[in-house]
Amino acid sequence: MQASRARLFKEYKEVQREKTADPDIQLVCDDSNIFKWTALIKGPSETPFEGGVFQLAFAVPEQYPLQPPQVRFLTKIFHPNVHFKTGEICLDILKNAWSPAWTLQSVCRAIIALMAHPEPDSPLNCDSGNLLRSGDTRGYQSMARMYTRLAAMPKKVRSVELLQVWHGTTIQPSNMLS
């Protein structure tokens, strides 16, 4: 457990030092538990998730980095490799292809890549997977875009809060464009 704490503290320091290095990811450690993290990730451009901000929850095991973290979407997302109700993610690096070389930041990057390149042959969301497997890309993109707008593009007040967290600044609603 001591090795996992040391590794997580190292990752925490790296995240603090490099906050602006990756503008698509904001990783935050729970104040009272180094084994609990959350992340805000931006939907990849040129995908139905573009413009959305998605929240992830990380539960890091005491055997980390020898074992992968458990990661799930807290934000609803229509994607073949994400269970619609639980947010569980089907991604090989979170299962059998895990390596201690992965960090929480690189896991976020891999999840963003999965969002851009779904794998419909191993779906956790069968509706989404079936649309892609049957060649109905337009139907899949339409549904994914709709859920992104409903769940990942919050109303204006919530947007102000997310922007404040995202940029670490105080933004007054009157300063925002309508």
Side-chain angles (χ1 to χ4, degrees), residues 15 18-28 37-60 67-99 101-167 171 176-178:
V15 165
E18 310 261 334
K19 272 190 176 180
T20 59
D22 195 337
D24 295 336
I25 301 168
Q26 183 187 10
L27 203 49
V28 179
W37 293 63
T38 57
L40 294 175
I41 60 174
K42 291 183 181 177
S45 61
E46 299 181 24
T47 71
F49 311 108
E50 183 173 17
V53 177
F54 299 84
Q55 188 175 18
L56 303 172
F58 286 76
V60 182
Q67 290 183 358
Q70 290 181 339
V71 187
R72 66 186 181 93
F73 275 88
L74 295 178
T75 307
K76 291 283 184 210
I77 182 171
F78 187 78
H79 189 283
N81 308 113
V82 180
H83 191 282
F84 189 74
K85 289 185 180 178
T86 66
E88 176 189 354
I89 303 166
C90 180
L91 183 60
D92 60 351
I93 64 156
L94 296 176
K95 310 281 189 234
N96 56 353
W98 174 256
S99 163
W102 287 93
T103 63
L104 301 181
Q105 183 88 6
S106 60
V107 167
C108 288
R109 181 59 45 213
I111 292 169
I112 292 170
L114 181 67
M115 290 169 73
H117 304 286
E119 296 288 339
D121 292 331
S122 59
L124 286 175
N125 179 331
C126 292
D127 293 335
S128 177
N130 288 340
L131 284 171
L132 286 173
R133 281 197 310 264
S134 70
D136 190 358
T137 306
R138 186 174 175 197
Y140 162 74
Q141 289 181 344
S142 177
M143 290 293 291
R145 223 178 348 267
M146 179 188 77
Y147 277 103
T148 297
R149 286 188 182 125
L150 290 173
M153 294 179 174
K155 293 187 174 25
K156 190 172 183 175
V157 173
R158 185 72 179 126
S159 295
V160 170
E161 293 171 3
L162 280 175
L163 286 170
Q164 288 173 337
V165 168
W166 192 266
H167 295 290
I171 300 172
M176 293 186 63
L177 298 175
S178 298

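What you are looking at is a predicted structure, and each value in this text was computed from that prediction instead of being measured.
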Would you compute the distance between atom NE2 of H83 and atom CD1 of I77 and round it to the nearest 0.5 angstrom? 14.0 Å

Between T75 and A152 (side chain of the first, backbone of the second, donor and acceptor by atom type, cut-off under 3.5 Å), is there such a pair? no

SG/C108 to CG/D22 distance, rounded to the nearest 0.5 angstrom? 8.5 Å

Return the CD to CZ distance between Q55 and R72, rounded to the nearest 0.5 Å. 9.5 Å

Within the distance-only criterion (no hydrogens, no angle test), does the side chain of S134 pair as donor or acceptor with the backbone N or O of N130 below 3.5 angstrom? yes

Give a yes or no on this: more than 12 heavy atoms of other residues, nucleotides or ligands lie within 6.0 Å of atom CD of Q70. no

Are T86 and L124 close enough that some pair of their side-chain heavy atoms sits under 4.5 Å apart? no

Derivation and outcome, side-chain contact (heavy atoms from CB on, under 4.5 Å), residues Q105 and R109: CA-CA 6 Å; Q105 183 88 6; R109 181 59 45 213; over 6 Å; no

Aromatic ring pairing H79/F49, orientation class (parallel under 30°, perpendicular over 60°, tilted between): tilted

Heavy atoms only: give me the nearest C90-L114 pair and the separation to one decimal. O-CD2, 3.8 Å

Would you indicate whether the side-chain heavy atoms of L150 and K76 approach each other to under 4.5 Å? no

Give a yes or no on this: more than 12 heavy atoms of other residues, nucleotides or ligands lie within 6.0 Å of atom NZ of K85. no

Taking the side chain as every heavy atom from C-beta outward, state whether V28 and W37 have any atom pair closer than 4.5 Å. no

For P120 against P118, the heavy-atom pair lying closest together: CD-O, 3.3 Å

Compare all side-chain heavy atoms of T148 with those of E50 and state whether any distance is below 4.5 angstrom. no

Within-4.5 Å side-chain heavy-atom neighbours: Y140 and P80: yes

Side chains of M115 and I41 in contact at under 4.5 Å (non-hydrogen atoms): yes

All heavy atoms of P68 vs all of L94, minimum pair found to be CG-O, 3.5 Å

For the residue pair N81 and S122, establish whether any side-chain heavy-atom pair is separated by less than 4.5 Å. yes

Working for side-chain contact (heavy atoms from CB on, under 4.5 Å), residues F54 and L40: CA-CA 6 Å; F54 299 84; L40 294 175; over 6 Å; no

Distance col, row C126:SG vs F84:CZ, nearest 0.5 angstrom, shows 13.5 Å

Please step through side-chain contact (heavy atoms from CB on, under 4.5 Å) for the pair F78 and L131, ending with a clear verdict. CA-CA 11 Å; F78 187 78; L131 284 171; 4.0 Å; yes

What verdict does the side-chain contact (heavy atoms from CB on, under 4.5 Å) test give for K42 and I112, after you've listed the backbone C-alpha separation in whole Å, the side-chain angles of each residue and the deciding distance to 0.1 Å? CA-CA 8 Å; K42 291 183 181 177; I112 292 170; over 6 Å; no

Would you mind reporting whether V107 and F58 have side-chain heavy atoms less than 4.5 Å apart? yes

Taking everything shown except R133 itself, do over 12 heavy atoms lie less than 6.0 Å from its CZ? yes

